[in-house]
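Report on one structure; see the data block that follows.
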Amino acid sequence: MNTTLPKRTFNQEWHVIGFSIFLLMVVLLMISANATGAGQDFSWDQFFDLWIKMSKPDWSYLPSVMTPLIETIQMALVGTFLGGVAAIPAALLSAENIVKNKFVRGLVRLLMNLIRSLPEMLLAALFVAVVGIGALSGVLALAVFSFGMVFKLLYEAIETIDAGPIEALRAAGANSIQIICFAVVPQVFNQYLSFFLYTLEINVRASTVLGYLGAGGIGLYLNTTLEMFRYDRTAVVILAILLVVVLVDFVSNQLREVLK
């Protein structure tokens, strides 16, 4: 019995095709960076000077950022709650196994896709122009962003649930509200909470930069310290944001583990 293994070719042994594609991608990336100006000279002196100044945080500035930091968390919580709750009926109207009318489903999905196409920074700029500078514009921007994200995840989850309970309730003469309450909600409730927590994580990060546009929160202080070249205070703001993001991620991950 011949037990010798087939000999690999030179191209297969040294992955010539894979390395060639990788080198080609690197060359194209360098050409693209040079053409767009992204490959311009990098100031290492300013880079190291910035890090040296940020390595000595001004801890006396910490009490000043606590109030806007709490406001940032509140903005994320309220915005996520408003958007997450509003997404429930829209997701139900978009689910094929709940609404059989193709025109209604298509219209709702079209409107929701239009909303989802707007990034939170653009939404913040729009609401600042409408309601003025302050936390309200940030809450509204995060609410619309959360609405679009939770809607997309939730209606896809609804379409993948077990159709057996729905068909059984319909055969028993249950109306649409009863079908949703007793056949749909029990199957997607844990997933919905997971989507809500995931969106909250994103909104906590997003709300920290909305202050650049006047939408309230700690982002305004981050922008102010950078414009004043107080990098020691910028370091305090960044560390405070990092701590909040890490804590929110930890709590969210623990809660999602419980929901599994």
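If you're wondering where the values come from, they're calculated on a predicted model, not measured in any experiment.
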Problem - Closest approach of Ala90 to Phe147 (non-hydrogen atoms, all atoms of both residues) - result: CB-CZ, 3.9 Å
Practice task
State, with a plain yes or no, whether a side-chain heavy atom of Asp162 is found less than 4.5 Å away from one of Gln187.
Solution key: yes
Handout entry: Point-to-point distance, once rounded to the nearest 0.5 Å, from OG of Ser207 to CG of Leu200
Key = 9.0 Å
Handout entry: Tyr61 atom OH, over 12 foreign heavy atoms within 6.0 Å
Key = yes
Practice task
Would you sort out whether Leu69 and Val244 count as a side-chain contact (heavy atoms from CB on, under 4.5 Å), showing the intermediate values?
Solution key: CA-CA 8 Å; Leu69 188 62; Val244 170; 3.6 Å; yes
Exercise for the section: For the residue pair Leu142 and Met75, establish whether any side-chain heavy-atom pair is separated by less than 4.5 Å. Expected result: yes
Handout entry: Residues Asp58, Lys53: salt bridge by 4.0 Å N-O rule
Key = no
Completion exercise
Taking every heavy atom of Ala87 against every heavy atom of Leu154, the minimum-distance pair comes out as O-CD2, 4.4 Å
Practice task
Mind running side-chain contact (heavy atoms from CB on, under 4.5 Å) on Arg205 and Asp249 for me, showing each step along the way?
Solution key: CA-CA 10 Å; Arg205 297 183 180 92; Asp249 284 350; 2.6 Å; yes
Exercise for the section: Please work out whether the ring planes of Tyr231 and Phe229 are parallel, tilted or perpendicular, with thresholds of 30° and 60°. Expected result: perpendicular
Practice task
Measure the shortest side-chain to side-chain distance between Ile115 and Leu111 over non-hydrogen atoms and say whether it is less than 4.5 angstrom.
Solution key: no
Exercise for the section: Rounded to the nearest 0.5 Å, what's the gap from CG on Leu197 to CD on Glu201? Could you check? Expected result: 7.0 Å
Handout entry: Straight-line distance of Leu118 CG to Arg116 CZ, nearest 0.5 Å
Key = 11.0 Å
Practice task
Following the transitive rule for hydrophobic clusters with a side-chain heavy-atom cut-off under 4.5 Å over Ile, Leu, Val, Met, Phe, Trp and Tyr, establish whether Met66 and Val204 coincide in one cluster.
Solution key: yes
Practice task
Locate the shortest heavy-atom distance separating Leu153 from Phe195; write the atom from each residue and the value.
Solution key: O-CE1, 3.4 Å
Problem - Side chain to side chain, Leu239 and Trp59, heavy atoms closer than 4.5 Å - result: yes
Practice task
Would you give the length of the straight line joining atom CG of Leu92 to atom CZ of Arg105, rounded to the nearest 0.5 angstrom?
Solution key: 13.0 Å
Exercise for the section: Measure the spacing between CG of Leu23 and CE of Met25 and express it to the nearest 0.5 Å. Expected result: 11.5 Å
Exercise for the section: Answer yes or no: is there a donor N or O on one side and an acceptor on the other, between the side chain of Gln178 and the main chain of Asn175, under 3.5 Å? Expected result: yes
Exercise for the section: Would you mind reporting whether Met112 and Lys152 have side-chain heavy atoms less than 4.5 Å apart? Expected result: no
Practice task
Please examine the side chains of Asn203 and Phe145, heavy atoms only from C-beta on, and report whether any two atoms are closer than 4.5 Å.
Solution key: yes
Exercise for the section: Kindly compute the distance separating CG (Leu93) from CZ (Phe151), expressed to the nearest 0.5 Å. Expected result: 9.0 Å
Exercise for the section: Considering non-hydrogen atoms only, spot the tightest contact between Ile179 and Ala174 and give its length. Expected result: CD1-O, 4.0 Å
Handout entry: Shared hydrophobic cluster, Tyr221 / Leu242 (ILVMFWY, side-chain heavy atoms < 4.5 Å)
Key = no
Exercise for the section: Would you kindly confirm whether Val130 and Leu140 end up in one hydrophobic cluster when ILVMFWY residues are joined by side chain heavy atoms under 4.5 Å apart? Expected result: yes
Problem - Heavy-atom donor-acceptor pair, Thr72 side chain to Ile218 backbone, under 3.5 Å - result: yes
Problem - Ala157 versus Val188, closest heavy-atom pair with distance - result: O-CG1, 4.1 Å
Exercise for the section: Of all the heavy-atom pairs spanning Val104 and Asn101, show the shortest one and how long it is. Expected result: N-OD1, 3.2 Å
Handout entry: Heavy-atom check, side chain of Ile88 versus side chain of Tyr192, under 4.5 Å
Key = yes
Practice task
Mind running side-chain contact (heavy atoms from CB on, under 4.5 Å) on Ile238 and Met54 for me, showing each step along the way?
Solution key: CA-CA 10 Å; Ile238 293 175; Met54 290 181 62; 3.5 Å; yes
Exercise for the section: Establish whether Ile202 and Leu122 are linked, either directly or via other cluster members, by ILVMFWY side-chain heavy-atom contacts under 4.5 Å. Expected result: yes
Practice task
Tell me, with the steps shown, if Val131 and Val128 meet side-chain contact (heavy atoms from CB on, under 4.5 Å).
Solution key: CA-CA 6 Å; Val131 301; Val128 166; over 6 Å; no
Handout entry: Cationic N near anionic O, under 4.0 Å, Glu159 to Arg109
Key = yes
Handout entry: Member of Ile158, Asn97, Leu169 meeting the side chain to side chain contact (heavy atoms under 4.5 Å, CB included) criterion with Val184
Key = Ile158
Problem - Side chain to side chain, Phe127 and Val144, heavy atoms closer than 4.5 Å - result: yes
Practice task
Give a yes or no on whether Phe189 and Ile166 share a hydrophobic cluster (residues Ile, Leu, Val, Met, Phe, Trp, Tyr; joining criterion: side-chain heavy atoms under 4.5 Å apart).
Solution key: yes
